[in-house]
Amino acid sequence: MDGQIVADFITTGKMLADMIQGGILKLGGAKNLNGLFQLLDTEGNTCVQMNNAGIQLADGTGIIGGDGVYTSLSFNGQSDSSSKIVGEGNFQTVGFSNTGIGTLNKLYSFIDVFVPKNFTLKKAYLNLQHLPFIVQNTAGSVVGYGVCSNMKLYKTDVNSQQIYVAPASDTSLGGTGNLDEIAVLGSNGWSPTRPTSTDSIQLEQKSVELDINDFNAEGITRFAVGSAANTPTITGQDINADMITAYKNSGAVIATIVLIRISKRYLFLIIKKEQTK
């Protein structure tokens, strides 16, 4: 005998085991009705129970794993309504805008980040997606391709009281305030590839880790993503030509900050029953 047992139809009232090792453990189903798994403490009390209703924890029992449960929060960039790209998801125009003859202003994507209380911030990342513009003249001919070059991340000094949810009639986001560069995209910033033809247009992505000390412990931290390039020179005589210049120096951007946090309250992986006094 090799010690193996064919156990296709074994039934028993009680089975003792120091270790059960195998692939899949199935409880319940068909004539065995609802399966039931119970984990007991040294006093015979049920700590954890799994049945058709789900996983149930007794009072004083939690699920822990190292520092706790790793979860993430994502904050997407937003912009003034004039720079939102209709029908293109969360893409926004970042770069420059022609606000009048002879004037170009910078367009930013603002990311308002809120770190909840009772969560330990472990890591943070900035994720950027960029699509070039196809720039056309009034006749519909392609005259170039727009790219937001020298993109950088900034932290603003706009406080929580200055950030508000604007009504639909208000395009203001409370302003940029003073911009303090966070040097995570290199000394020259990130410059996606400028296409040479319509066929060479492609989505480019960039992800960098952030310093968690750059986030306010309380309230909202406003970040801004924008071009660090010098404002392009325009004619000031032809509004259409100036608009083409603005679009050639802008791109469609999605800016997202992702926070990886640890919850000390909700736990995972290792079952533990707290000692009661």
Side-chain angles (χ1 to χ4, degrees), residues 69-97 106-117 119-133 146-160 162-166 171-177 179-186 188-193 201-229 250-263:
V69 172
Y70 283 75
T71 57
S72 64
L73 288 175
S74 296
F75 300 87
N76 290 324
Q78 55 182 331
S79 60
D80 292 345
S81 61
S82 59
S83 62
K84 293 179 180 176
I85 302 175
V86 178
E88 294 297 333
N90 292 319
F91 279 100
Q92 300 155 0
T93 302
V94 176
F96 298 89
S97 172
K106 287 192 175 184
L107 289 177
Y108 295 91
S109 178
F110 299 109
I111 313 173
D112 294 335
V113 178
F114 174 73
V115 181
K117 292 183 178 180
F119 285 95
T120 302
L121 181 58
K122 189 71 173 179
K123 290 181 179 295
Y125 296 91
L126 170 67
N127 297 325
L128 297 174
Q129 300 180 67
H130 178 279
L131 272 174
F133 284 136
V147 167
C148 182
S149 60
N150 305 108
M151 268 190 285
K152 291 188 175 183
L153 177 68
Y154 303 91
K155 182 178 179 180
T156 79
D157 60 358
V158 177
N159 61 43
S160 299
Q162 294 171 302
I163 299 174
Y164 63 96
V165 179
T171 61
S172 173
L173 283 171
T176 61
L179 299 178
D180 183 17
E181 180 188 344
I182 299 177
V184 292
L185 292 170
N188 295 321
W190 178 48
S191 295
T193 304
I201 290 177
Q202 61 181 351
L203 175 70
E204 292 188 57
Q205 302 182 68
K206 183 77 170 180
S207 181
V208 292
E209 186 171 352
L210 304 178
D211 187 341
I212 61 176
N213 295 314
D214 286 325
F215 296 86
N216 296 335
E218 295 184 1
I220 295 174
T221 308
R222 166 163 285 184
F223 296 91
V225 173
S227 174
S250 304
V253 175
I254 295 178
T256 305
I257 287 181
V258 179
L259 305 183
I260 308 297
R261 58 185 184 167
I262 301 174
S263 169

Residue of the set Val147, Leu131, Leu128 for which side-chain contact (heavy atoms from CB on, under 4.5 Å) holds with Pro192: Val147
Residues in ring pair (Phe, Tyr, Trp, His ring centres under 6.0 Å) contact with Phe96, at least two apart in sequence or another chain: none
Polar side-chain atom of Lys206 near backbone of Leu126 as donor-acceptor pair, under 3.5 Å: no
Asp112 side chain near Arg222 side chain, heavy-atom distance below 4.5 Å: yes
Donor-acceptor contact present, side-chain Lys155 to main-chain Asp214, <3.5 Å: yes
Donor-acceptor contact below 3.5 Å, side chain Ser109 vs main chain Val225: no
Phe215: ring pair (Phe, Tyr, Trp, His ring centres under 6.0 Å) partners, not counting sequence neighbours: Phe223
Close side-chain approach of Leu73 and Pro116, heavy atoms under 4.5 Å: yes
Side-chain touch Met151/Val253, heavy atoms, less than 4.5 angstrom: yes
Backbone N/O of Lys123 and side chain of Glu209: donor-acceptor pair under 3.5 Å: no
Gln92 (side chain) donor-acceptor with Gly77 (main chain) under 3.5 angstrom: yes
Residues Thr256 and Asn76: side-chain donor-acceptor under 3.5 angstrom: yes
